[in-house]
Amino acid sequence: MDANFDSHFKDLFENTSDLIYFLSLDGVICLANPAWLAVLDYEPADAIGKSIYDFIHPRCIEEYKKVRRIAINEKCRKDVATTFLTRHGKEVVAEGHVVSTYESGNPSYTRGVFKNVTSRKIAEKKLEDSEKRLKTFFSSAPDAVIVINQEQEIIEWNPKAEVIFGYAADEVMAKPLADIIIPFQYREAHEKGMQHFLKTGEGPVLNNTIEITALHKNGYEFYIDLSISNVKMEGTWVFIAFISDISERKKTEQNLIFKEAELLQARLLEEKKDEFISIASHELRTPLTTIKAYSQILLDLSKEGTYAPFHGYLDKVDQCADKLNALLSELFDVSRIHAGKLSISRTDVAFDAFFTEVVGSMQHIIPTHNIVIEKNESCLAQIDVLRMEQVISNIINNAAKYSPGKKKIIVNSEKNDDTLTISFEDFGIGIPEEKIDKIFERFYRVDQTLRRFSGFGIGLYVSSEIIKQHGGKIWAQSKLGRGSTFYVSIPLSGHKQ
Ligand code: ADP
């Protein structure tokens, strides 16, 4: 071969950056230029005399063989892309051609001439990958992604934008953004902002996230989170908007605000109510004490003599003063409970005797009913006598009040291990099951009883607080229309019975 080289060709062969080699018809390397050897990191002795297919990536061998066959058979030059492998197994991507040479009309060699395009290919692959990633992101992004050009025409509109705004991409392409999604009240500001940006390169909305409303295809406005980035491409600005629909979040936030406002209002009302109760119970007491004192004097004076005919009336005034006083005491208790100031002072009491006495005096006050003590086990209890009397009178009063036309009220006092339980059974109107727990709440009264029976709905509330202070429980069982039983239990711990 050397003899056939003229000096120009030799120079070119040795100094070119192209990868050049000559192969015998069966593919053995006869000659390879320094560029090819250097790129693959081989010495001439490692390559000369070896098959070219030892240097080509296995996945490219078939294609390369086919191209060589055509070049030999059809006496033509064939372009081919292939991948060589370096001594260390690294891939070298090459593009070039194969051409056959002839001697006396017969094919004698093939010549391969290639350019190393590995770095270009890597760059192309990177670009392709990043474009693919961008496309995937664009089509599957959880946010709407809208791209507009400097003229504010929509140039990209991803699938999520279709969902959020209701427009398909081809409905909005090349249309002005403002006409599509910007509510009327913001259009002027948007236009001004855009002009300002084009003049100064500054825009307050750019690269920030703002909460704003947008227009849906169906004409309604809804809340979005909007952030816009800008980039200069080929001398003009392109704006990319990332938008998420936050209408649900907004709704929840607004509901929360409403609820909080309602709660605040309710709390303020409660506070006002408590303040009023506290002031009213205080202020009404003073004149009431005076009425009571004078009615007592007049009652005494009217026992006999000139004023005797008025005794009955004066007795009524006195009784009403007592009732009013009891009511004010309860109201006073409510404000005490609210202020955390309802305290009890306990003493040891023979409960059975105490119970008999309280029930006896209640019987005196309530002639309409027959209060029967069925069981009264003897036991010693530590109680606040006045407060416990208040609880018992309240429950018995209720039993009588809510069982008009019935006669009997059955009361019991039982001891069980370390607990004393007293119960009060009436045969009156009863309480609906779903209201039973509510009756111990402040100011709660069962609807049906509101008109027929007077009351404030605080007796049981105060009672339950008193029993709580005794470490006990209060509850009720009832059948509507058949009657109710109220229970109070307190611990007897510490007492040897
Ligand atoms: P008041 O009797 O002044 O309304 P209470 O706090 O004593 O207030 O009772 C709360 C509510 O519980 C009553 O309004 C009534 O609806 C119901 N209630 C209480 N005791 C009875 C009872 N023995 N039978 C039927 N309903 C009762």
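Nothing fancy with the numbering, it's 1 onward along the sequence. Counting starts at 1 for both ligands and their atoms, following the listed order. Predicted, not measured: the structure shown is a model, and the values here were computed from it.
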So, is Gly459 polar-close to ligand 1, with some N/O to N/O distance under 3.5 Å? yes
If you draw the axis of the six-membered ring of Phe427, does the NZ or CZ of Lys406 fall within 45° of it and under 6.0 Å from the ring centre? no
Basic-acidic side-chain contact under 4.0 Å: Glu171, Lys217: yes
Any N or O on Ser454 sitting closer than 3.5 Å to an N or O of ligand 1? no
Less than 4.5 Å apart, side chain to side chain, heavy atoms only: is that true for Gln296 and Asp318? yes
Tell me which one of Leu460, Val446, Asn394, Val462 gets a heavy atom nearest to atom 5 (P) of ligand 1. Leu460
Just jot down the ligand 1 atoms closer than 4.0 angstrom to any heavy atom of Tyr444, in number order. 10 (C), 11 (C)
Please confirm whether Tyr307 and Tyr313 have ring centers closer than 6.0 angstrom. no
Cationic N near anionic O, under 4.0 Å, Glu262 to Lys259: no
Hey, is Asp426 touching ligand 1 through its side chain, its backbone, both or neither, going by heavy atoms under 4.0 Å? side chain
Is it the case that ligand 1 has an N or O less than 3.5 angstrom from some N or O of Gly457? yes
Phe486, any N or O under 3.5 Å of ligand 1 N or O: no
Assess the pair His190 and Tyr186: is the distance between their ring centroids shorter than 6.0 Å? no
Would you say Ser484 contacts ligand 1, with heavy atoms under 4.0 Å as the rule? yes
Residues Glu188, Lys192: salt bridge by 4.0 Å N-O rule: yes
With sequence neighbours excluded, what pairs up with Phe332 under the ring pair (Phe, Tyr, Trp, His ring centres under 6.0 Å) test? His282
Under 4.0 Å, counting heavy atoms only: does Lys401 come that close to any atom of ligand 1? yes
Hey, is ligand 1 close enough to Tyr461 that some N/O pair sits below 3.5 Å? no
Report yes if some N/O of Phe456 lies less than 3.5 Å from some N/O of ligand 1; otherwise report no. yes
If you count the atoms of ligand 1 from 1 in the order shown, which ones are under 4.0 Å from a heavy atom of Gly430? 25 (C)
